[in-house]
Q: 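Before we start, here is the structure in question, set down as structure tokens.
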Amino acid sequence: MRVHLFIEHYPNPYKPWIDTQLVQMIKAGHDLRVFAFGAYTSTLHDEVRQYGLLDRTGYLPGTLRGLRRHGLRALARLASSPARQLRRVGRSIGAASGAKHSLLVSARALCLPEEAPDVCYVHNLATAALLAFLKRLYPTTRVCLYFHGGEVGGQPRVGGEAHVFAAMDAVITSTRFAAGQAVERGCPPDKIAVVPLGFSIPAYSVREGRSYRPDGRVRFVSVGRMSPEKGFRHALAAVALLRERGRRDFTYTFVGSGVEHKALMAQATALGLDDVVHFVGEKTRTDVASILQESDVFVLPSIATELWAETQATVVQEALLMGCLTVTTTAGGVPEANAPVMNERFSVPPADPAALASAMEAAMNADAAEMEGLAKDGRAFAVGRFDIA
């Protein structure tokens with residue numbers, strides 16, 4: 001099957017599940033092309049190089065400024081067969097109003113292959129809003145949207161959501177929570193299927209003899225982009241509360257970077273936590289798996305904003321697969337994507353450092369044997385529900 005996959009940014013170090021999904025499509029024998037509006041190349045996961053995913057990726061103009069980069073390519077395509085390309089452009093513009101919008105739609109259409117794919121697979125509502133012309137450009141192609149929830153903090157709300165959903169033949173979400181968000185934003189319920197994002201289970205193998213609290217200290221870890229909605233400042237406040245309660249038997253590692261990175265480091269210093277809190281920056285998916293295997297308890301302190309909440313929170317499943325206990329908040333779809341044994345004991349309301357500290361302390365009070373039993377239950381849940389195969 002010929003598949004064109006569209007995504008806002010590729011590659012993206014904070015979404016390793018994208019690489020997993022692309023690799024699975026390649027392994028299944030599909031003719032895959034990826035189209036993105038930008039890239040984050042600070043960290044490339046191993047799969048990107050191993051499977052030549054960048055060689056399958058092309059880029060489209062997201063804004064008028066982006067036309068400087070892509071305009072010559074679009075003009076070359078137009079000059080190659082003016083009459084045929086003008087028909088494609090005219091079909092794509094449709095009833096589009098405004099010169100700016102028409103120009104961008106024209107450039108995007110000219111940058112896409114002429115041969116129609118069998119499926120256009122679009123990740124993210126914001127991406128779909130930029131590609132509302134796909135059904136006009138490829139009239140016989142099925143267009144599917146994977147809806148990942150609302151906009152991340154700082155991003156404007158996508159306008160005309162109902163029209164975007166109307167242009168889709170099908171909509172997939174990762175959780176029932178996200179499906180409810182899509183319906184609230186104008187998606188017909190009968191278009192939606194709930195299909196979790198999957199993992200290549202062999203890539204998350206737990207080594208023989210994995211140990212817990214080997215030197216008597218519990219090793220906490222958080223992984224993710226460092227932005228306000230991830231709630232890391234609440235995690236640091238919880239660590240300070242644990243110190244006030246006299247707990248010294250733990251360490252806490254933060255993996256990732258982002259707009260709050262420097263502010264979080266400053267907060268840790270101000271709270272006197274530099275001896276137990278460590279920031280190690282961005283890591284590859286393989287490195288993250290290794291770090292999780294050398295940790296005892298994963299912490300996801302996410303909050304919900306006016307537009308955004310966690311949907312599946314795939315890093316929670318990564319932690320479960322690598323044998324971590326998971327302390328999480330109840331934000332968004334996290335409870336339905338986390339192991340029940342973890343929800344029962346370590347799930348707390350968002351933006352509540354005291355509750356988070358209590359859940360972390362409850363995990364600390366488990367001995368190594370209890371931790372191992374909980375971790376085995378958690379991994380079994382993740383393997384049974386999130387195997388991409």
Side-chain angles (χ1 to χ4, degrees), residues 1-11 18 22 25 30-39 52-147 155-171 186-187 191:
M1 186 163 63
R2 185 179 296 108
V3 179
H4 288 178
L5 186 143
F6 299 86
I7 195 158
E8 193 168 7
H9 295 95
Y10 189 78
I18 298 173
L22 299 182
M25 290 181 179
H30 298 305
D31 179 4
L32 175 68
R33 294 283 305 276
V34 179
F35 297 94
F37 291 92
L53 297 179
L54 289 182
D55 294 335
R56 295 174 179 265
T57 302
Y59 294 93
L60 306 174
T63 63
L64 288 178
R65 181 179 298 178
L67 287 177
R68 299 175 185 175
R69 177 183 175 188
H70 302 284
L72 289 177
R73 183 157 52 97
L75 288 173
R77 175 68 64 81
L78 179 61
S80 67
S81 51
R84 186 167 72 248
Q85 299 306 325
L86 285 173
R87 286 195 295 270
R88 294 181 72 227
V89 166
R91 191 165 65 236
S92 300
I93 292 174
S97 59
K100 173 183 174 181
H101 184 73
S102 297
L103 182 60
L104 284 170
V105 168
S106 300
R108 291 166 191 161
L110 288 169
C111 288
L112 288 173
E114 289 189 57
E115 187 175 12
D118 299 296
V119 173
C120 285
Y121 186 42
V122 186
H123 273 290
N124 198 334
L125 185 63
T127 308
L130 299 176
L131 298 165
F133 64 91
L134 285 176
K135 197 68 175 178
R136 296 191 297 271
L137 179 63
Y138 301 124
T140 63
T141 296
R142 305 293 284 176
V143 182
C144 175
L145 166 66
Y146 206 119
F147 175 74
Q155 298 298 316
R157 181 174 181 133
V158 173
E161 303 106 310
H163 295 291
V164 176
F165 286 121
M168 301 295 131
D169 293 302
V171 175
C187 182
K191 280 191 176 184

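Everything quoted here is computed from the prediction, not taken from an experiment.
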Q: Using a 4.5 Å cut-off on heavy atoms from C-beta on, say whether the side chain of F165 contacts that of L125.
A: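 When only atoms from C-beta onward are counted, F165 and L125 do touch, with a gap below 4.5 Å.
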Q: Give the C-alpha distance, both sets of side-chain angles, the deciding distance and a yes or no for ring pair (Phe, Tyr, Trp, His ring centres under 6.0 Å) between F35 and H4.
A: CA-CA 7 Å; F35 297 94; H4 288 178; 5.2 Å; yes
Q: Please examine the side chains of Y10 and H123, heavy atoms only from C-beta on, and report whether any two atoms are closer than 4.5 Å.
A: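 H123 does not reach Y10 side chain to side chain.
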Q: Can you tell me if R2 uses its side chain to pair, donor with acceptor, with the backbone of R33 under 3.5 Å?
A: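 Answer holds: no.
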Q: Please determine which of L22, L53, L54 meets the side-chain contact (heavy atoms from CB on, under 4.5 Å) test together with V34.
A: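 Among the candidates, only L22 passes.
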Q: Do other residues, nucleotides or ligands put more than 12 heavy atoms under 6.0 Å from the CZ atom of R142?
A: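 Count not over threshold, so no.
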Q: Whether R108 engages the ring of F133 as a cation-pi pair (distance to the six-membered ring centre under 6.0 angstrom, angle to the ring normal within 45°) should be assessed.
A: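 Not flagged: R108 not positioned over aromatic ring of F133.
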Q: Using modelled atom types only, decide if a donor and an acceptor are shared between the side chain of T141 and the backbone of P117 within a distance under 3.5 Å.
A: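 Answer holds: yes.
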Q: Checking R91 side chain against R136 main chain: does a donor-acceptor pair fall under 3.5 Å?
A: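 Yes; judged by distance alone, with no hydrogens or angles, the pair exists.
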Q: What I'd like to find out is whether the side chain of L137 reaches to under 4.5 Å of the side chain of L131, using heavy atoms alone.
A: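 No, every pair of side-chain atoms sits at 4.5 Å or beyond.
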Q: State whether the side chain of S102 and the backbone N or O of A99 hold a donor-acceptor pair below 3.5 Å, judged by distance alone.
A: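 Judged by distance alone, no pair lies under 3.5 Å.
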Q: Is there a donor-acceptor pair closer than 3.5 Å between any side-chain N or O of S106 and the backbone N or O of V89?
A: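 Not a single qualifying donor-acceptor pair exists.
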Q: In this structure, which one of L60, I93, L67 forms a side-chain contact (heavy atoms from CB on, under 4.5 Å) with L104?
A: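 The option that passes is L67.
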